[in-house]
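Worksheet: one structure, shown below.
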Amino acid sequence: MAAALALRILPFGRYTGRPGAVVERSIRVHSRTWTLMVSGFAEPVVYLLAFQVGFGSLVGQVIGPGGQQLTYVAFVAPALLAASAMNGAIFETTYPVFFKLRYAKVYDAMLATPLGPVDIALGEISWAVIRGGVYSVAFVVVMAAMGLVGSPLAVLLLPAALLVSFAFASVGMALSTFLRSPSQFDYIRLVVMPLFLFSATFYPVSVYPESVRWLVQVSPLYHGVELMRGLAVGVLDVGMIGNVAVLAALAAVGLAATSRRIGALLLG
Amino acid sequence: MANGGDDGDPRLMVSGKALVKRFGGVAAVDGIDVEVRSGEAFGFLGPNGAGKSSTMRMVACVSPRSDGELRVLGMDPDKDGPRIRARIGVVPQLDNLDAELTVRQNLQVYGRYFGLSRAHVRAKAVELMAFAELSDRADDPVDPLSGGMKRRLTIARSMVNDPELMLLDEPTTGLDPQARHLLWGRLYQLKQQGVTLIITTHDMHEAEQLCDRLVVMDGGRIVAEGSPASLIARYSTREVLELRFAPGEQDGQVSRVADLAERSEALPDRLLLYTADGEATLEAAHARGLRPVSTLIRRSTLEDVFLRLTGRSLVD
């Protein structure tokens, strides 16, 4: 929906309707490196176990959405799902994209075919979402197995995770097109780290004084966390529409910006 | 009409009129007229920075023109870029093979960008690897391949969509003679099959070998146009007499023999006399008491034309 809107804003002739061919390339590239994909899943699960075993016994009960009493690990798990969707998306669309764009000239080769910048942007972002989706399925299964989901609504965690992936993959890829040297990736890390820590990931937003809460609410990850946490415990809130809207808008803006940048850089 | 275009002569694969490409305020291509007919091998010659690659990028529909008219396969690149690109094959100046894929996958994945079916690209890859003599490297990564192999693979890749028109930007630059000859053979084979070739090069020998017709570009403009033979006839003499002197001894020699030739040129190490009959000119020079260390009489080549038209000074 957001993507369809973005496509309408983009210049004519820059979309051939073949992002699938770009995804197919990624699938082939990664078909021999499935072991690497295991690590992407293992990291959040290790976190989850650490919270279960360690923090859980120290922190006790936390107040979750709708005033529910939750164990700390049940409170943190949906946030970790959102954060891992973000991290996975950013990882996949920053350095690999930068390398393909600036050094390997993979996109130049694609643009010599009928493919346009929008096919490339959508294809690369989709691959990041697919890869993140695989991790998310595994993560939700682990959450369920550990008894951390309290509602059938939790099946919606998956589309929510895909939306978070899409939003961050789009923005991550757009930012990558502005970077000129690999050392500048530190800037992205500099942004991602506080997002991970301060987006109401590890404690509720009510912990912050009223005056700085807006700052947390600016964080895109916060909207992912809120969405996931509500779905995990089965509490629907009107605010979730806003959360979805923010993430969808980011996805659309990132996709449009990425397409334009690829066009500007490579079709001069 | 086989060509599917909307206007103009259907046998014209490319037609440009007053074509301009500007980068910032600088015109890399400064108003050229060019027509490439179906089935011919057409060359763009010129020193670095002459505007050859900019022209190629406009024809390949990856760089919008700044001004003028351009039709490729009868269509306008500004409107029909994807449709044109679906029917052409592009060999860029620098190989941009996919280093994360094998030889075979490079061909298959590239074919998929054109929307060809999986079954089709699987069979096509086998055929193209045979054409490029890479069948025994089919499942190797591309990085360890030699320069010539990579170039062959790039050319094979550009043929995955059975293009009617191929754009080759300096196809043999940097290759050893064996690899060059093998490539020329392959390009000749394509031409025999009726594929239209557009080649940029600054290798005059390559241009003479491959091109039916060519233009010489300099400073964004076309300075000469014709077949290699007609260009030589028009801009050079039948033969060239080269007189080599010991260092420092050739100063002032030019004036003694300049009138013996249609045109003469003094290089740091030798004198060039452009003449219809090299033997006779050499005798005349000897008669005037010139004692060069060595002499050479040769036929004029495209290189003589090129240097005459674009000058000997270094352009970068």
Side-chain angles (χ1 to χ4, degrees), chain A residues 7 10-34 36 92 95-124 126-127 131 259-260 262-268, chain B residues 21-24 28 54 56-64 66 76-102 104-106 108-116 118 121 139 141-143 154 157-158 160-161 163 166-167 169:
Chain A
L7 293 180
L10 290 156
F12 178 72
R14 305 216 144 179
Y15 183 58
T16 311
R18 223 170 272 151
V22 178
V23 174
E24 223 177 292
R25 173 194 175 273
S26 293
I27 293 172
R28 294 221 189 209
V29 167
H30 293 276
S31 61
R32 283 164 302 167
T33 53
W34 280 102
L36 275 178
E92 193 63 36
Y95 192 72
V97 161
F98 173 81
F99 187 79
K100 283 182 263 190
L101 176 69
R102 302 274 176 180
Y103 297 117
K105 308 284 179 198
V106 170
Y107 304 142
D108 291 85
M110 287 177 177
L111 290 172
T113 75
L115 297 181
V118 184
D119 298 276
I120 294 172
L122 203 51
E124 291 290 66
S126 299
W127 165 247
R131 192 167 175 174
S259 305
R260 276 185 186 274
I262 290 178
L265 288 172
L266 305 182
L267 298 175
Chain B
K21 181 69 197 185
R22 275 185 224 99
F23 293 105
S54 299
M56 288 292 252
R57 284 178 57 82
M58 285 191 277
V59 174
C61 312
V62 292
S63 173
S66 309
D76 181 348
D78 283 352
K79 292 194 204 115
D80 290 308
R83 277 175 63 202
I84 297 170
R85 294 200 301 268
R87 290 165 53 189
I88 64 179
V90 176
V91 177
Q93 203 174 103
L94 299 172
D95 289 321
N96 56 11
L97 294 166
D98 202 323
E100 294 182 277
L101 299 172
T102 64
R104 184 197 306 275
Q105 287 175 332
N106 259 280
Q108 292 183 346
V109 166
Y110 204 73
R112 296 287 291 155
Y113 298 158
F114 286 88
L116 303 169
R118 287 193 186 84
V121 298
D139 297 307
V142 300
D143 255 347
T154 306
R157 188 185 67 171
S158 76
V160 77
N161 56 328
M166 287 181 65
L167 308 177
D169 199 353

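The analysis underlying the following values was restricted to heavy atoms, covering all of them including side chains, and did not include hydrogens, waters or symmetry mates. We name chains A, B, ... by the order of the sequence lines, and we start the count at 1 in each one. Please read all numbers here as calculations on a predicted model, not as lab measurements.
A salt bridge does not link A/K100 to B/E100: none of the charged nitrogens lies less than 4.0 Å from a carboxylate oxygen.
The candidate from A/V106, A/D119, A/L111 with the greatest count of non-hydrogen atom pairs under 4.5 Å with chain B is A/L111. Top candidate by heavy-atom pairs under 4.5 Å with chain A, chosen from B/A99, B/S158, B/P64, B/A60, is B/P64. In terms of heavy-atom pairs under 4.5 Å with chain B, the best-connected choice from A/G263, A/A21, A/A104, A/G123 is A/A21.
With a threshold of 4.5 angstrom between heavy atoms, B/R118 approaches chain A through side-chain atoms but not through N, CA, C or O. Heavy atoms closer than 4.5 Å to chain B are found in both the backbone and the side chain of A/R28. For B/V90, the part sitting under 4.5 Å from any heavy atom of chain A is the side chain, from C-beta outward, and nothing else.
Residues B/V109 and A/R25 share a closest heavy-atom pair of CG1-CB, 3.8 Å. The minimum heavy-atom distance linking A/P114 with B/Y113 is given by the pair CD-O, 4.0 Å. B/S63 approaches A/G268 most closely through the heavy-atom pair OG-O, 2.5 Å. The two residues B/R85 and A/L115 make their nearest non-hydrogen contact at NH2-O, 3.1 Å.
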Next on the checklist: One pair to check against side-chain contact (heavy atoms from CB on, under 4.5 Å): B/L94 and A/K105. What are the steps and the verdict?
Outcome noted: CA-CA 10 Å; B/L94 299 172; A/K105 308 284 179 198; over 6 Å; no
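One finds the OG1 atom of A/T113 at 9.5 Å from the CZ atom of B/R157 (value rounded to the nearest 0.5 Å). Summarising the geometry, atom CD belonging to A/E24 is positioned 11.0 Å from atom CD belonging to B/Q105; distances are rounded to the nearest 0.5 Å.
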